[in-house]
Amino acid sequence: MVSTLPWSVMNPNDEPRAQRPLRDVHRAVIEWYRRSCRDLPWRAPERTAWGVLVSEIMLQQTPVTRVLPVWLRWQQRWPTPGDLAGAPPADVVRAWDRLGYPRRALRLHAAAQRIRDEHAGEVPGNHAELLALPGIGAYTAAAVAVFAFGQRHTVVDTNIRRVEARLFSGRALPSRSLTAAETRCAESALPEDVAESVAWNQAVMELGALVCTARAPRCEECPVRDACAWVAAGKPPAENAPRGQSWHGTDRQVRGAIMAVLRAAEEPVARPLLLTDRAGSEQLAAGHAAPPDVVVERLTALWRLSAPVEQRERALTGLVRDGLASLEGEGVSLPR
DNA sequence: TAAACGTGGTA
DNA sequence: TTACCAAGTTT
(Lines give C-alpha, C1' and ligand atoms only; values in the text may rest on other atoms or scores of the structure.)
Protein backbone atom coordinates (compact mmCIF):
# COMPACT_ATOMS: atom_id res chain seq x y z
CA MET A 1 0.00 0.00 0.00
CA VAL A 2 3.04 2.23 0.04
CA SER A 3 3.18 4.61 -2.86
CA THR A 4 6.10 6.70 -3.99
CA LEU A 5 3.83 9.27 -5.58
CA PRO A 6 3.24 12.53 -3.80
CA TRP A 7 -0.06 12.26 -1.98
CA SER A 8 -1.55 15.06 -4.04
CA VAL A 9 -1.88 12.70 -6.97
CA MET A 10 -2.44 9.56 -4.94
CA ASN A 11 -5.59 7.57 -4.96
CA PRO A 12 -7.84 9.06 -2.28
CA ASN A 13 -8.10 5.60 -0.73
CA ASP A 14 -4.48 5.84 0.28
CA GLU A 15 -3.38 7.62 3.39
CA PRO A 16 -2.51 11.29 3.23
CA ARG A 17 1.21 11.95 2.94
CA ALA A 18 2.15 15.56 3.05
CA GLN A 19 5.36 16.80 1.56
CA ARG A 20 6.00 17.87 5.10
CA PRO A 21 5.59 15.03 7.58
CA LEU A 22 2.11 14.88 9.02
CA ARG A 23 3.47 15.66 12.46
CA ASP A 24 4.77 19.01 11.27
CA VAL A 25 1.37 19.79 9.81
CA HIS A 26 -0.24 18.93 13.14
CA ARG A 27 2.15 21.17 15.00
CA ALA A 28 1.79 24.11 12.62
CA VAL A 29 -2.01 24.07 12.62
CA ILE A 30 -2.29 23.66 16.39
CA GLU A 31 0.20 26.46 17.00
CA TRP A 32 -1.73 28.68 14.65
CA TYR A 33 -4.91 27.89 16.59
CA ARG A 34 -3.39 28.85 19.93
CA ARG A 35 -2.39 32.15 18.38
CA SER A 36 -5.48 32.94 16.34
CA CYS A 37 -8.57 31.20 17.71
CA ARG A 38 -11.68 33.20 18.52
CA ASP A 39 -12.65 33.70 22.13
CA LEU A 40 -16.00 31.90 22.17
CA PRO A 41 -17.94 31.26 25.39
CA TRP A 42 -18.55 27.59 24.66
CA ARG A 43 -14.77 27.16 24.61
CA ALA A 44 -14.19 28.89 27.96
CA PRO A 45 -12.77 26.80 30.86
CA GLU A 46 -16.04 27.19 32.79
CA ARG A 47 -18.12 25.78 29.95
CA THR A 48 -20.35 22.81 30.65
CA ALA A 49 -21.06 19.77 28.51
CA TRP A 50 -24.61 21.04 28.19
CA GLY A 51 -23.33 24.39 26.95
CA VAL A 52 -21.21 22.64 24.35
CA LEU A 53 -24.13 20.48 23.24
CA VAL A 54 -26.42 23.52 22.91
CA SER A 55 -23.78 25.38 20.92
CA GLU A 56 -23.27 22.48 18.54
CA ILE A 57 -26.98 22.20 17.80
CA MET A 58 -27.30 25.95 17.29
CA LEU A 59 -24.24 26.06 15.05
CA GLN A 60 -25.63 23.48 12.63
CA GLN A 61 -25.81 25.40 9.34
CA THR A 62 -25.75 28.67 11.27
CA PRO A 63 -22.98 31.30 11.55
CA VAL A 64 -21.25 31.91 14.89
CA THR A 65 -22.19 35.60 14.98
CA ARG A 66 -25.88 34.78 14.87
CA VAL A 67 -25.63 32.02 17.50
CA LEU A 68 -23.70 34.02 20.07
CA PRO A 69 -26.46 36.20 21.60
CA VAL A 70 -29.02 33.40 21.56
CA TRP A 71 -26.63 30.95 23.23
CA LEU A 72 -25.82 33.45 26.00
CA ARG A 73 -29.50 34.02 26.78
CA TRP A 74 -30.15 30.28 26.59
CA GLN A 75 -27.46 29.45 29.14
CA GLN A 76 -28.83 32.10 31.44
CA ARG A 77 -32.38 30.83 31.22
CA TRP A 78 -31.82 27.07 31.01
CA PRO A 79 -28.37 26.34 32.50
CA THR A 80 -28.96 22.58 32.71
CA PRO A 81 -30.75 19.95 30.61
CA GLY A 82 -33.33 19.59 33.39
CA ASP A 83 -34.17 23.29 33.19
CA LEU A 84 -34.90 23.09 29.48
CA ALA A 85 -36.74 19.79 29.82
CA GLY A 86 -39.28 21.43 32.10
CA ALA A 87 -39.99 24.37 29.80
CA PRO A 88 -43.04 24.59 27.52
CA PRO A 89 -42.15 23.93 23.86
CA ALA A 90 -43.64 27.31 22.89
CA ASP A 91 -41.12 29.09 25.11
CA VAL A 92 -38.31 27.04 23.61
CA VAL A 93 -39.30 27.89 20.04
CA ARG A 94 -39.64 31.59 20.91
CA ALA A 95 -36.23 31.63 22.57
CA TRP A 96 -34.80 30.01 19.44
CA ASP A 97 -35.78 33.28 17.82
CA ARG A 98 -34.65 33.55 14.20
CA LEU A 99 -31.77 31.10 14.25
CA GLY A 100 -33.52 29.12 11.54
CA TYR A 101 -34.47 25.46 11.26
CA PRO A 102 -36.75 25.72 14.33
CA ARG A 103 -37.19 21.95 14.42
CA ARG A 104 -33.73 22.00 15.99
CA ALA A 105 -35.23 23.76 19.00
CA LEU A 106 -37.83 21.04 19.37
CA ARG A 107 -35.23 18.30 19.02
CA LEU A 108 -32.98 19.96 21.58
CA HIS A 109 -35.93 20.12 23.94
CA ALA A 110 -36.64 16.43 23.35
CA ALA A 111 -32.97 15.62 23.87
CA ALA A 112 -33.04 17.50 27.19
CA GLN A 113 -36.00 15.43 28.34
CA ARG A 114 -34.22 12.22 27.37
CA ILE A 115 -31.12 13.36 29.24
CA ARG A 116 -33.24 14.12 32.29
CA ASP A 117 -35.15 10.83 32.14
CA GLU A 118 -32.50 8.38 30.93
CA HIS A 119 -29.18 9.90 31.94
CA ALA A 120 -29.96 11.34 35.37
CA GLY A 121 -29.83 14.85 33.99
CA GLU A 122 -26.20 14.60 32.86
CA VAL A 123 -25.11 14.92 29.24
CA PRO A 124 -23.71 11.50 28.33
CA GLY A 125 -20.04 11.41 27.38
CA ASN A 126 -20.45 8.24 25.37
CA HIS A 127 -20.46 8.69 21.60
CA ALA A 128 -23.11 6.05 20.95
CA GLU A 129 -25.41 7.46 23.62
CA LEU A 130 -25.02 10.95 22.20
CA LEU A 131 -25.78 9.68 18.72
CA ALA A 132 -29.02 8.16 20.00
CA LEU A 133 -30.35 11.55 21.12
CA PRO A 134 -32.76 13.44 18.85
CA GLY A 135 -31.14 16.04 16.61
CA ILE A 136 -27.67 14.61 17.17
CA GLY A 137 -26.02 13.00 14.18
CA ALA A 138 -22.51 11.84 13.37
CA TYR A 139 -20.92 15.27 13.48
CA THR A 140 -22.56 16.55 16.68
CA ALA A 141 -21.99 13.32 18.61
CA ALA A 142 -18.29 13.43 17.77
CA ALA A 143 -18.04 17.16 18.45
CA VAL A 144 -19.56 16.88 21.94
CA ALA A 145 -17.47 13.82 22.81
CA VAL A 146 -14.35 15.69 21.73
CA PHE A 147 -14.96 19.29 22.79
CA ALA A 148 -16.87 18.63 26.01
CA PHE A 149 -15.27 15.36 27.12
CA GLY A 150 -11.83 15.47 25.55
CA GLN A 151 -12.12 12.14 23.79
CA ARG A 152 -10.39 10.99 20.61
CA HIS A 153 -12.84 10.92 17.71
CA THR A 154 -12.65 12.00 14.10
CA VAL A 155 -14.72 15.16 13.72
CA VAL A 156 -15.84 15.89 10.18
CA ASP A 157 -17.73 19.10 9.54
CA THR A 158 -17.95 21.32 6.48
CA ASN A 159 -14.83 23.29 7.51
CA ILE A 160 -12.71 20.22 8.11
CA ARG A 161 -13.90 18.66 4.87
CA ARG A 162 -12.87 21.74 2.92
CA VAL A 163 -9.46 22.10 4.59
CA GLU A 164 -8.62 18.45 4.06
CA ALA A 165 -9.91 18.44 0.48
CA ARG A 166 -7.42 21.19 -0.28
CA LEU A 167 -4.53 20.20 1.96
CA PHE A 168 -4.57 16.46 1.28
CA SER A 169 -6.41 15.99 -2.01
CA GLY A 170 -5.59 19.15 -3.91
CA ARG A 171 -9.21 19.93 -4.69
CA ALA A 172 -10.86 23.33 -4.31
CA LEU A 173 -13.96 21.92 -2.62
CA PRO A 174 -15.12 18.56 -1.27
CA SER A 175 -17.85 16.59 -3.00
CA ARG A 176 -21.49 17.26 -2.18
CA SER A 177 -21.79 14.33 0.18
CA LEU A 178 -19.29 12.81 2.58
CA THR A 179 -17.51 9.83 1.00
CA ALA A 180 -16.02 6.81 2.71
CA ALA A 181 -12.61 7.72 1.31
CA GLU A 182 -12.89 11.16 2.84
CA THR A 183 -13.73 9.71 6.23
CA ARG A 184 -10.77 7.32 6.02
CA CYS A 185 -8.52 10.22 5.09
CA ALA A 186 -9.71 12.25 8.08
CA GLU A 187 -9.24 9.27 10.40
CA SER A 188 -5.70 8.66 9.24
CA ALA A 189 -4.86 12.34 9.65
CA LEU A 190 -5.99 12.38 13.30
CA PRO A 191 -3.09 12.49 15.78
CA GLU A 192 -2.74 9.36 17.93
CA ASP A 193 -2.25 11.30 21.14
CA VAL A 194 -5.63 12.06 22.72
CA ALA A 195 -4.96 15.64 23.78
CA GLU A 196 -3.36 16.41 20.45
CA SER A 197 -6.28 14.88 18.56
CA VAL A 198 -8.69 17.19 20.40
CA ALA A 199 -6.55 20.19 19.54
CA TRP A 200 -6.27 19.09 15.92
CA ASN A 201 -10.02 18.75 15.46
CA GLN A 202 -10.61 22.16 16.97
CA ALA A 203 -7.74 23.78 15.08
CA VAL A 204 -8.60 22.45 11.63
CA MET A 205 -12.21 23.50 12.07
CA GLU A 206 -11.14 26.99 13.05
CA LEU A 207 -8.67 27.16 10.17
CA GLY A 208 -11.50 26.39 7.79
CA ALA A 209 -13.71 29.02 9.39
CA LEU A 210 -11.14 31.84 9.44
CA VAL A 211 -8.54 31.19 6.75
CA CYS A 212 -9.36 28.28 4.45
CA THR A 213 -12.79 29.70 3.63
CA ALA A 214 -15.07 28.63 0.82
CA ARG A 215 -15.19 31.80 -1.28
CA ALA A 216 -11.89 33.62 -0.88
CA PRO A 217 -9.32 31.66 1.16
CA ARG A 218 -6.58 33.74 2.77
CA CYS A 219 -3.72 31.47 1.83
CA GLU A 220 -1.12 34.09 2.81
CA GLU A 221 -2.18 33.59 6.42
CA CYS A 222 -2.27 29.80 6.28
CA PRO A 223 0.20 27.99 8.54
CA VAL A 224 0.36 25.01 6.16
CA ARG A 225 0.30 26.70 2.76
CA ASP A 226 3.68 25.13 1.95
CA ALA A 227 2.21 21.68 2.51
CA CYS A 228 -1.07 22.34 0.69
CA ALA A 229 -1.77 20.12 -2.30
CA TRP A 230 -4.26 22.58 -3.72
CA VAL A 231 -1.73 25.43 -3.62
CA ALA A 232 0.91 23.13 -5.09
CA ALA A 233 -1.43 22.27 -7.95
CA GLY A 234 -1.97 25.95 -8.73
CA LYS A 235 -5.35 26.24 -7.02
CA PRO A 236 -7.44 24.54 -9.71
CA PRO A 237 -11.13 25.53 -9.69
CA ALA A 238 -13.84 23.35 -8.19
CA GLU A 239 -14.98 20.48 -10.37
CA ASN A 240 -18.53 20.25 -9.11
CA ALA A 241 -20.69 23.32 -9.32
CA PRO A 242 -22.48 23.99 -6.03
CA ARG A 243 -26.16 23.20 -6.05
CA GLY A 244 -28.02 26.37 -5.24
CA GLN A 245 -30.39 26.37 -2.31
CA SER A 246 -33.75 27.35 -3.69
CA TRP A 247 -35.76 29.70 -1.53
CA HIS A 248 -38.10 32.11 -3.30
CA GLY A 249 -41.50 30.57 -3.81
CA THR A 250 -40.71 27.46 -1.79
CA ASP A 251 -42.73 25.88 0.99
CA ARG A 252 -39.79 26.58 3.26
CA GLN A 253 -40.17 30.29 2.72
CA VAL A 254 -43.86 30.11 3.58
CA ARG A 255 -43.18 27.96 6.64
CA GLY A 256 -40.68 30.54 7.81
CA ALA A 257 -43.16 33.37 7.37
CA ILE A 258 -45.86 31.48 9.28
CA MET A 259 -43.43 30.66 12.08
CA ALA A 260 -42.53 34.33 12.35
CA VAL A 261 -46.22 35.16 12.85
CA LEU A 262 -46.63 32.49 15.53
CA ARG A 263 -43.47 33.51 17.40
CA ALA A 264 -44.68 37.10 17.55
CA ALA A 265 -48.15 36.17 18.80
CA GLU A 266 -48.95 35.50 22.45
CA GLU A 267 -52.50 34.47 21.60
CA PRO A 268 -53.55 31.90 18.99
CA VAL A 269 -53.68 33.41 15.50
CA ALA A 270 -56.93 33.04 13.58
CA ARG A 271 -56.26 30.32 11.03
CA PRO A 272 -57.93 32.21 8.15
CA LEU A 273 -55.45 35.05 8.63
CA LEU A 274 -52.65 32.69 7.71
CA LEU A 275 -54.46 31.41 4.65
CA THR A 276 -55.67 34.62 3.02
CA ASP A 277 -54.15 37.77 1.55
CA ARG A 278 -54.36 41.32 2.83
CA ALA A 279 -57.69 42.01 1.10
CA GLY A 280 -59.17 38.85 2.57
CA SER A 281 -57.90 39.70 6.01
CA GLU A 282 -59.52 43.13 5.91
CA GLN A 283 -62.86 41.50 5.30
CA LEU A 284 -62.22 39.16 8.22
CA ALA A 285 -61.15 42.02 10.45
CA ALA A 286 -64.63 43.50 10.71
CA GLY A 287 -65.98 42.81 14.16
CA HIS A 288 -62.75 41.29 15.46
CA ALA A 289 -60.07 42.66 17.78
CA ALA A 290 -57.04 43.88 15.84
CA PRO A 291 -53.89 41.80 16.31
CA PRO A 292 -50.89 43.49 17.95
CA ASP A 293 -48.61 45.49 15.68
CA VAL A 294 -45.80 42.92 15.72
CA VAL A 295 -48.21 40.25 14.52
CA VAL A 296 -49.58 42.53 11.80
CA GLU A 297 -46.03 43.20 10.68
CA ARG A 298 -45.32 39.48 10.36
CA LEU A 299 -48.64 38.84 8.67
CA THR A 300 -47.82 41.57 6.18
CA ALA A 301 -44.55 39.82 5.39
CA LEU A 302 -46.48 36.60 4.86
CA TRP A 303 -49.01 38.25 2.57
CA ARG A 304 -46.27 39.86 0.55
CA LEU A 305 -45.17 36.41 -0.55
CA SER A 306 -48.46 36.04 -2.45
CA ALA A 307 -48.24 32.30 -1.95
CA PRO A 308 -51.19 30.29 -3.30
CA VAL A 309 -53.68 29.18 -0.67
CA GLU A 310 -52.90 25.53 -1.26
CA GLN A 311 -49.23 26.19 -0.59
CA ARG A 312 -50.05 27.92 2.70
CA GLU A 313 -52.26 24.97 3.62
CA ARG A 314 -49.44 22.60 2.83
CA ALA A 315 -46.91 24.62 4.82
CA LEU A 316 -49.21 24.88 7.82
CA THR A 317 -50.01 21.17 7.69
CA GLY A 318 -46.29 20.46 7.64
CA LEU A 319 -45.67 22.67 10.64
CA VAL A 320 -48.41 20.91 12.60
CA ARG A 321 -47.05 17.51 11.57
CA ASP A 322 -43.58 18.53 12.74
CA GLY A 323 -44.93 19.71 16.08
CA LEU A 324 -43.97 23.34 15.43
CA ALA A 325 -47.59 24.53 15.37
CA SER A 326 -50.76 23.50 17.20
CA LEU A 327 -54.37 23.88 16.10
CA GLU A 328 -56.80 25.20 18.70
CA GLY A 329 -60.19 25.35 17.04
CA GLU A 330 -59.94 28.22 14.54
CA GLY A 331 -56.66 29.39 16.01
CA VAL A 332 -53.03 28.39 15.46
CA SER A 333 -50.28 28.74 18.03
CA LEU A 334 -46.87 27.43 18.97
CA PRO A 335 -47.06 24.01 20.67
CA ARG A 336 -48.00 24.05 24.35
C1' DT B 1 -29.06 9.13 -2.52
C1' DA B 2 -31.46 13.15 -2.48
C1' DA B 3 -34.70 16.33 -0.95
C1' DA B 4 -36.47 18.99 2.78
C1' DC B 5 -35.57 21.98 6.30
C1' DG B 6 -34.79 28.84 8.06
C1' DT B 7 -32.44 32.87 8.16
C1' DG B 8 -29.67 36.70 7.06
C1' DG B 9 -24.91 38.31 5.87
C1' DT B 10 -21.80 38.93 2.04
C1' DA B 11 -19.74 39.44 -2.62
C1' DT C 1 -29.88 42.11 -7.07
C1' DT C 2 -29.02 37.29 -7.26
C1' DA C 3 -26.74 33.48 -5.44
C1' DC C 4 -23.74 31.43 -2.39
C1' DC C 5 -22.84 30.17 2.19
C1' DA C 6 -23.01 28.92 7.35
C1' DA C 7 -19.88 23.73 13.43
C1' DG C 8 -26.04 19.02 9.79
C1' DT C 9 -29.98 15.82 10.65
C1' DT C 10 -33.78 13.32 9.20
C1' DT C 11 -36.68 10.86 6.09
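Every chain is numbered from 1, with letters handed out A, B, ... down the list of sequences. Side chains are part of it too, since the values below use all heavy atoms of this structure and drop only hydrogens, waters and symmetry mates. It should be emphasised that the depicted structure is a prediction, and the values quoted were computed from it without experimental measurement.
- Residue Leu178(A) is the one, among Pro102(A) and Leu178(A), whose nearest nucleotide of DNA chain B lies closer to the 5' end (criterion: closest heavy atom).
- Remark: Arg34(A) CZ is loosely packed, at most 12 non-hydrogen atoms of other residues, nucleotides or ligands lying under 6.0 Å away.
- Inspection of the Ser55(A) and Arg47(A) side chains reveals no N or O donor paired with an N or O acceptor under 3.5 Å.
- At the phosphate of dA2(B), neither OP1 nor OP2 sits under 4.0 Å from any side-chain N or O atom of Arg176(A).
- For the segment residues 257-271 of chain A, no residue has any heavy atom less than 4.0 angstrom from an atom of DNA chain C.
- Rounded to whole Å, atom C1' of dT7(B) lies 12 Å from atom NE2 of His248(A).
- For dT1(C) and dG6(B), the P atoms lie 25 Å apart once the distance is rounded to whole Å.
- Here the shortest heavy-atom pairing between Ala165(A) and Leu173(A) reads CB-C, 4.2 Å.
- If you take CH2 of Trp96(A) and P of dT7(B), they are 12 Å apart, rounded to a whole angstrom.
- Remark: side-chain polar atoms of Arg162(A) are paired, donor with acceptor, to backbone N or O of Gly208(A) under 3.5 angstrom.
- The CG atom of Asp251(A) sits 9 Å away from the P atom of dA4(B) (whole-angstrom rounding).
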message: Walk me through whether Glu192(A) and Arg152(A) qualify under salt bridge (charged side-chain N to carboxylate O under 4.0 Å, His left out).
response: CA-CA 8 Å; Glu192(A) 287 299 329; Arg152(A) 186 180 181 279; 3.7 Å; yes
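- What separates CD1 of Ile57(A) from C1' of dC5(B) is a distance of 15 Å, to the nearest Å.
- Atom CH2 of Trp247(A) and atom P of dG9(B) are 14 Å apart (whole Å).
- The heavy-atom pair separating Val332(A) from Leu316(A) by the smallest distance is CG1-CD1, 4.0 Å.
- When the shell of 6.0 Å around CD of Gln76(A) is examined, it contains 12 or fewer heavy atoms from other residues, nucleotides or ligands.
- dA4(B) atom P lies 14 Å from atom CG of Asp322(A), rounded to whole Å.
- The distance between atom CG of Leu106(A) and atom P of dG6(B), rounded to the nearest whole Å, is 11 Å.
- Comparing the same atom, C1', in dA2(B) and in dA7(C) gives a spacing of 22 Å after rounding to whole Å.
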task: Let me have a per-nucleotide readout for nucleotides 4-11 of chain C, 5' to 3', with B, S or -, counting only protein heavy atoms under 4.0 Å.
output: BBBBBSS-
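- What you find for Ile136(A) and Leu130(A) is that their closest heavy atoms are CG2-O, 3.2 Å.
- Grouping the Ile, Leu, Val, Met, Phe, Trp and Tyr side chains by contacts below 4.5 angstrom, directly or via other members, places Val231(A) apart from Leu167(A).
- Taking atom CZ on Arg104(A) and atom P on dA4(B), their separation rounds to 19 Å, with Å as the unit.
- Taking both residues in full, the closest heavy atoms of Arg336(A) and Glu328(A) are given as NE-OE2, 3.5 Å, listed atom of the first, atom of the second, then distance.
- Of the possible donor and acceptor atoms, none in the side chain of Arg166(A) sits under 3.5 Å from a partner among the backbone N and O of Lys235(A).
- The nearest pair of heavy atoms linking Gly125(A) to Gln151(A) is O-NE2, 2.6 Å.
- Residues from residues 296-317 of chain A that place a heavy atom under 4.0 Å from any atom of DNA chain C: there are none.
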